[in-house]
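For reference, the structure is listed below as structure tokens.
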Amino acid sequence: MTVQPTGQLTVTKSANPTTVTAAGQHVVYSFEVSNPGHVTITDLGVTDTAFSGTGSTPVITCPVTTLAPGGSTTCTASYIVTQADVDAGQIANTAVAHGSSPTGDAVDSPPSSATVTAKHTPSLTVSKSATPATVNDAGDVIS
């Protein structure tokens, strides 16, 4: 009996920073993709499968698209935080790595997620003034 080798991929996703506080901040996502299998994987890529951000979905780039057995690469993407993200309190993101085995079969990794916490501190400020600052008689009008 001959066992046909199959392709395998893993992906570990991370975000830097893991906490944001304001719109306009940048989050850099890293995707560590590894081939723990016994065959070379070609047409390597990473795809976001779930993204809660309200801005444009990050574009993921990989420096290599072929991974030999035991090989790895780090793909990256950048995201600009929106005010709606800060208001929501977090940005959740899940991705999978994918490619093709030598026989042309699709190879997908299990999903990996990263969550960025959006800390917000709501506050209001009130200033009060009165004119005139002093009154002399009952019935004087204060604005």
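Quantities reported herein were computed from a predicted structural model and do not represent experimental measurements.
The closest side-chain heavy-atom distance from Pro69 to Thr40 is below 4.5 Å. In this structure the side chain of Thr94 reaches within 4.5 angstrom of the side chain of Thr49, judged on heavy atoms. Taking 4.5 Å as the limit, some side-chain heavy atom of Asp48 sits within range of a side-chain heavy atom of Ile60.
Closest approach of Pro58 to Ser78, counting heavy atoms only: CB-O, 3.6 Å. In terms of heavy-atom proximity, Gln90 sits nearest to Thr115 at OE1-CG2, 3.4 Å.
Within the structure, the ring pair (Phe, Tyr, Trp, His ring centres under 6.0 Å) test picks out the following pairs touching residues 50-100 (sequence neighbours left out): Phe51-Tyr79. Applying the side chain to side chain donor-acceptor pair (under 3.5 Å) rule to pairs touching residues 58-67 yields nothing, sequence neighbours excluded.
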Taking only distance into account, with no hydrogens and no angle test, what donor-acceptor pairs under 3.5 Å do side-chain atoms of residues 19-26 form with protein atoms, sequence neighbours excluded?
residue, atom, partner, partner atom, Å
Gln25, OE1, Thr21, N, 2.6
Gln25, OE1, Ala22, N, 3.0

List the atom pairs, donor and acceptor, that lie under 3.5 Å between side-chain atoms in residues 29-36 and the rest of the protein, sequence neighbours left out.
residue, atom, partner, partner atom, Å
Glu32, OE1, Thr74, OG1, 2.6
Glu32, OE2, Ser72, OG, 3.3
Asn35, OD1, Gly37, N, 2.9
Asn35, ND2, Val39, O, 2.9
Asn35, ND2, Leu67, O, 3.0
Asn35, ND2, Ala68, O, 3.4

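Connection of Ile80 to Val28 is not established within any shared hydrophobic cluster, with ILVMFWY side chains joined at heavy-atom distances below 4.5 Å, either directly or through further cluster members. At a threshold of 4.5 Å between side-chain heavy atoms, the hydrophobic network of Ile, Leu, Val, Met, Phe, Trp and Tyr places Val46 and Val96 in two separate groups.
At distances below 3.5 Å, not a single donor-acceptor pair connects side-chain atoms of Ser109 with backbone N or O atoms of Leu9. A donor-acceptor pair is defined here as one N or O able to donate and one able to accept, closer than 3.5 Å; such a pair exists between the side chain of Asp85 and the backbone of Thr54. Ser100 places no side-chain N or O within donor-acceptor distance of the main-chain N or O of Gly104, the cut-off being under 3.5 Å.
Listed by chain and residue number, Val11, Lys13 satisfy the side-chain contact (heavy atoms from CB on, under 4.5 Å) test with Ser112 (two or more places apart in sequence, or in another chain). Listed by chain and number, the residues in a side-chain contact (heavy atoms from CB on, under 4.5 Å) with Ser52 are Ile91, Ala92 (sequence neighbours excluded).
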Margin query: Would Val116 and Thr18 count as a side-chain contact (heavy atoms from CB on, under 4.5 Å) here? Give the steps.
Written below: CA-CA 5 Å; Val116 175; Thr18 57; 5.7 Å; no
